[in-house]
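All ligand and atom numbering here is 1-based and tracks the order in the structure.
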Amino acid sequence: EKGGYDHFMIKEIFEQPRSIADSMRGRLIASEGHLQLGGLENYMNKLAQADRIVIVACGTSWHAGLVAEYLFEELARINVEVEYASEFRYRNPVIGENDVVIAISQSGETADTLAAIELAKSKGATIFGVCNVVGSSIARATHAGAYTHAGPEIGVASTKAFTAQVTVLTQMAIAVARRKGALTEDTYRQLLIELETIPTKVQQVFEYADKIKEIAFIFTYARNFIYLGRGLNFPVALEGALKLKEISYIHAEGYPAAEMKHGPIALIDEDMPVVFLATKDGSYDKIVSNIQEVKARKGRVIAIITQGDTRIPGMVDFVIEVPQVHELLTPLVSVIPLQLLSYYIAVMRGRNVDQPRNLAKSVTVE
Ligand code: M6R
């Protein structure tokens, strides 16, 4: 059932071109300018009129929420707050009938996320679910929602569920922005076209799998890792660090790159691997300066860059290229090399990749 792969995790990583396409199937047809999320249709006005969206989730799903925050704010100009479900539920949060909550959960069974939904519901908020497991508790507890359709995810480390969540949330943000009249026809059409090409672009990242394996070999016994990114790549940095921690048991931290000089830079020396998300986007020049700051302190830099970048390769120890995509869709490609890097390191360390110690696939107790 692993389809010839050694682990479910690597099978699921390689499935992403298809799972991402599945999360758009029947919803998005770029050539026709068509984008419709069936389950949300009756609530589109509610979403478009929302003053605020509160996203609740845990773990990797919370990272998908951080990506969505950026997209909803940028495209639809709606204020978004992303909350750890466990913190939200115990905080007596300010929430009411005018609020829209989006709960994100692969399993649909996460206890804290479910409790956060029940709390928000009791205060009159409208709740949407973005779940992978059809008919799950969270899917049933919400007023409406959109399934991610990534297919069963067996590996404890979430991979294809994350990219499917981001794809669904991106479609939601575009659809809501369009309903609000916040997008020009051109921008709208362009985004649909670009989103439709993502499965092909993800496929192209796999061409670097052997190179990523070589990098994994070099850093197999590193004791720490830092992941840095800005903007949409900041949640990707968090996600890269979480993947590495979970399955290789290497201590890793993700930070917004600019936060580095407020503390973590003290950790940098010739033994510290630093993974930079340095794709060509609005924060490219800023990231380049952050790379220089790390190199000046002899950190060992692995940079995820956009294909064709000629500036960063001369500055760093290793580069992994990803294809150029629309800036707002960057996380869907930049997260892929980080999934592979953590996978190969964990395998080289002999870890139980699919079932890491102390972890369960769904966390049904708080
Ligand atoms: O099923 P959920 O998406 O609600 O699960 C949330 C987290 O428990 C989950 O993402 C966890 O962090 C994963 N093991 C990450 O790989």
Side-chain angles (χ1 to χ4, degrees), residues 7-13 15-16 19 23 55-68 82-89 101-118 120 127-142 145-169 227 235-250 252-254 331 335-336 338-343 345-346 351-366:
H7 301 97
F8 283 108
M9 182 179 177
I10 190 70
K11 171 175 176 272
E12 288 160 4
I13 290 173
E15 262 169 25
Q16 287 174 106
S19 52
S23 67
I55 296 180
V56 294
C58 305
T60 286
S61 298
W62 184 78
H63 297 155
L66 291 179
V67 173
V82 190
E83 303 265 6
Y84 284 115
S86 56
E87 289 296 317
F88 176 85
R89 64 181 286 204
V101 171
I102 302 177
I104 309 171
S105 176
Q106 187 287 130
S107 62
E109 302 297 342
T110 301
D112 280 320
T113 309
L114 189 55
I117 292 170
E118 297 299 353
I127 326 282
F128 298 111
V130 174
C131 294
N132 194 43
V133 177
V134 176
S136 54
S137 305
I138 291 176
R140 282 183 281 117
T142 51
Y147 283 113
T148 43
H149 296 306
E153 190 181 64
I154 311 294
V156 163
S158 188
T159 54
K160 65 173 181 171
F162 173 77
T163 47
Q165 288 165 343
V166 171
T167 307
V168 166
L169 291 159
Y227 288 73
V236 177
L238 295 181
E239 175 60 7
L242 178 62
K243 288 291 86 95
L244 190 70
K245 277 182 271 211
E246 278 189 293
I247 61 166
S248 72
Y249 318 149
I250 296 175
E253 299 204 43
V335 75
I336 309 289
L338 306 191
Q339 296 171 343
L340 287 168
L341 184 65
S342 62
Y343 173 75
I345 290 180
R351 303 304 194 199
N352 185 347
V353 171
D354 284 335
Q355 286 191 305
R357 66 186 183 198
N358 309 338
L359 290 172
K361 184 63 184 163
S362 19
V363 183
T364 52
V365 290
E366 66 169 301

With heavy-atom distances below 4.0 Å as the criterion, list the atoms of ligand 1 near [X].
X: Ala157; answer: 16 (O)
X: Ser105; answer: 1 (O), 2 (P), 3 (O), 4 (O)
X: Glu246; answer: 13 (C), 14 (N), 15 (C), 16 (O)
X: Lys243; answer: 15 (C), 16 (O)
X: Ser158; answer: 15 (C), 16 (O)
X: Val156; answer: 13 (C), 14 (N), 16 (O)
X: Ser61; answer: 2 (P), 3 (O), 10 (O)

Please determine whether any non-hydrogen atom of Cys58 lies less than 4.0 Å from an atom of ligand 1. yes
Nearest-neighbour protein heavy atom for atom 10 (O) of ligand 1, which is reported as residue plus atom name and distance: Thr60 N, 3.0 Å
Identify the closest protein heavy atom to atom 8 (O) of ligand 1: which residue and atom is it, and at what distance? Val363 CG2, 4.0 Å
Examine the side chains of Ser137 and Glu109 and answer whether a donor and an acceptor come within less than 3.5 Å of each other. yes
Do we see a donor-acceptor contact under 3.5 Å between the side chains of Glu239 and Gln339? no
Among Gly59, Cys131, Pro356, which one has a heavy atom closest to atom 12 (O) of ligand 1? Gly59
For Glu83, is there an ion pair with Arg89 - N to carboxylate O distance below 4.0 angstrom? no
Carefully, step by step, assess Lys243 and Thr60 under the rule side chain to side chain donor-acceptor pair (under 3.5 Å). CA-CA 9 Å; Lys243 288 291 86 95; Thr60 286; 3.0 Å; yes
If every non-hydrogen atom of Cys58 is compared with every non-hydrogen atom of Thr110, which pair is closest and at what distance? SG-CG2, 3.8 Å
Close N or O approach (Thr110, ligand 1; < 3.5 Å): yes
From the list Glu12, Gln165, Glu153, side chain to side chain donor-acceptor pair (under 3.5 Å) partner of Ser158 resolves to Glu153
Cation over ring face, Arg357 and Tyr249, 6.0 Å, 45°: yes
Classify the ring geometry between Tyr84 and Trp62 as parallel (under 30°), tilted (30 to 60°) or perpendicular (over 60°). parallel
